[in-house]
*Asks:* 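Following this message is one structure expressed as structure tokens.
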Amino acid sequence: MIYGIILISLISITIGVSLGELTSAYPHAGGQFWWSLKLAPPKHKRFAAYMCGSFAYAGAIFTSASTTLSVASELVAMYQLTHEDFTPKRWQVFVTYLILHFFLMQFNCYGRLLPLIASSSLYISLISFIVITITVLACSGGHFNSASFVFSHFYNETGWSSGGIAFIVSLINPAWSFSCLDCATHMAFEVEKPEKIIPTAILGTIAIGFITSFCYVISLFFTIRDLQSVINSDGGFPVLVIYYQALNNSKAGAIVLGCLILFTSLGCVIASHTWQSRLCWSFSRDRGLPFSDLWSKVNSRMGVPLNAHLMSCAW
């Protein structure tokens with residue numbers, strides 16, 4: 001986790017610089033598929049743009065589904081922590097997912113709410129980082145793990161016999177912290193001076209993400225009391241177990257810290273919905289999807305591409 005964050009952040013910088021350069025030169029809500037159309041050889045540019053747009057839109061759909069599922073798992077895990085006789089089942093997580101998805105999709109139906117939600121999510125995320133980091137360290141009572149446990153011990157619980165393969169597989173966790181860097185590029189038609197604002201947003205995301213996640217993970221690893229119980233957690237939200245241990249088995253305290261993560265996650269889901277709807281809308285404007293005329297419309301009263309949003313959420 002610790003060295004994976006360093007590695008992925010360095011990779012993300014190269015991606016972010018490339019995205020920022022392309023956005024500065026060709027600010028467009030289509031992002032990657034528009035750049036492919038502009039930069040690929042004339043013979044292949046239409047096919048390249050179509051494939052790039054299709055994969056980008058599919059990726060946005062899967063990302064929105066994945067983030068919503070993670071929030072549903074958080075809610076079920078928090079309920080499990082306060083009800084010791086409760087054993088979560090997959091259908092319960094799925095039902096929670098459906099209810100949550102229907103609730104969160106409402107926020108992207110009204111354009112005026114989005115700037116407030118975006119700025120609030122940023123501040124909630126930063127406040128959560130500060131509060132959780134200080135709390136878990138302060139409540140540990142001086143019972144910290146050794147530096148060697150945090151920085152040099154390697155625990156392979158993946159099932160792979162090779163430590164190298166296990167490390168590569170585990171990079172999915174820190175990679176998720178720096179994923180979706182292209183989100184801002186698809187807001188090119190909705191911000192002033194996108195050629196400057198969007199590259200700043202992308203690289204700022206990487207900088208904030210690295211500083212907060214690196215410090216956060218180190219503080220958690222210093223305060224873990226029982227690693228096996230964290231690994232064997234069946235609630236789908238193992239960090240809640242770490243909070244519970246760090247706060248001297250305080251369920252109320254763990255729930256409060258879990259709620260800070262929950263509120264941050266809700267902002268991520270709403271942002272993912274914005275991302276997928278704008279990508280669908282811009283792709284349809286260039287007739288990249290079936291029935292493009294329907295998905296490329298903007299609801300003047302709501303101020304959003306409502307049809308593209310609803311179709312994306314249905315997927």
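Atoms considered below: every heavy atom in the structure, side chains included; atoms not considered: hydrogens, waters and symmetry mates. As the structure is a prediction and not an experimental result, all values here were calculated from the model. Starting from 1, each residue takes its place in the sequence as its number.
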*Asks:* When you compare the side chain of V256 with that of L247, does any pair of heavy atoms fall below 4.5 Å?
*Replies:* no
*Asks:* Tell me who clusters with I197, hydrophobic residues only, linked when side chains sit under 4.5 Å apart either directly or through other members.
*Replies:* none
*Asks:* Ignoring hydrogens, what is the shortest heavy-atom contact between S213 and F178? Give both atom names and the distance.
*Replies:* OG-CZ, 4.2 Å
*Asks:* State, to 0.1 Å, how close T223 and S140 come at their nearest heavy-atom pair, and which atoms those are.
*Replies:* CG2-CB, 4.0 Å
*Asks:* Strictly distance-based, threshold 3.5 Å: is any side-chain N or O of E21 a donor or acceptor partner for the main-chain N or O of S18?
*Replies:* no
*Asks:* Compile the donor-acceptor pairs under 3.5 Å between side chains in residues 30-47 and protein atoms, sequence neighbours left out, one pair per line.
*Replies:*
{"from": "Q32", "atom 1": "NE2", "to": "D182", "atom 2": "OD2", "distance (Å)": "3.1"}
{"from": "W35", "atom 1": "NE1", "to": "Y26", "atom 2": "O", "distance (Å)": "3.0"}
{"from": "S36", "atom 1": "OG", "to": "Q32", "atom 2": "O", "distance (Å)": "3.0"}

*Asks:* Got more than 12 heavy atoms from elsewhere within 6.0 Å of OH, Y50?
*Replies:* no
*Asks:* Measure from the side-chain N and O atoms of N173 to the backbone N and O of M1, and report whether any donor-acceptor pair falls under 3.5 Å.
*Replies:* no
*Asks:* Heavy-atom distance under 4.5 Å between the side chains of M78 and C259, does that happen here?
*Replies:* yes
*Asks:* For T63, which residues count as a side-chain contact (heavy atoms from CB on, under 4.5 Å) partner, sequence neighbours excluded?
*Replies:* T67, W176, C180, S272, W275
*Asks:* Scan side-chain atoms only and decide if Y57 and S312 contain a donor-acceptor pair under the 3.5 Å cut-off.
*Replies:* yes
*Asks:* Can you name the nearest heavy-atom pair linking S277 to A308, along with the distance?
*Replies:* O-CB, 3.7 Å
*Asks:* Of all residues at least two apart in sequence or in a different chain, which pass the side-chain contact (heavy atoms from CB on, under 4.5 Å) check with S120?
*Replies:* L116
*Asks:* Report the relative orientation of the aromatic rings in H101 and Y97; use parallel for angles under 30°, tilted for 30 to 60°, perpendicular for over 60°.
*Replies:* parallel
*Asks:* Taking only residues two or more places apart in sequence or in another chain, which ones pass ring pair (Phe, Tyr, Trp, His ring centres under 6.0 Å) with F107?
*Replies:* F103
*Asks:* Side chains of E74 and S265: any donor to acceptor distance under 3.5 Å?
*Replies:* yes
*Asks:* With sequence neighbours left out, write down each residue that passes salt bridge (Lys or Arg N to Asp or Glu O under 4.0 Å) with E195, or none if nothing qualifies.
*Replies:* none
*Asks:* Could you check whether any side-chain N or O of N307 sits under 3.5 Å from a backbone N or O of L294, counting only pairs where one atom can act as donor and the other as acceptor?
*Replies:* yes
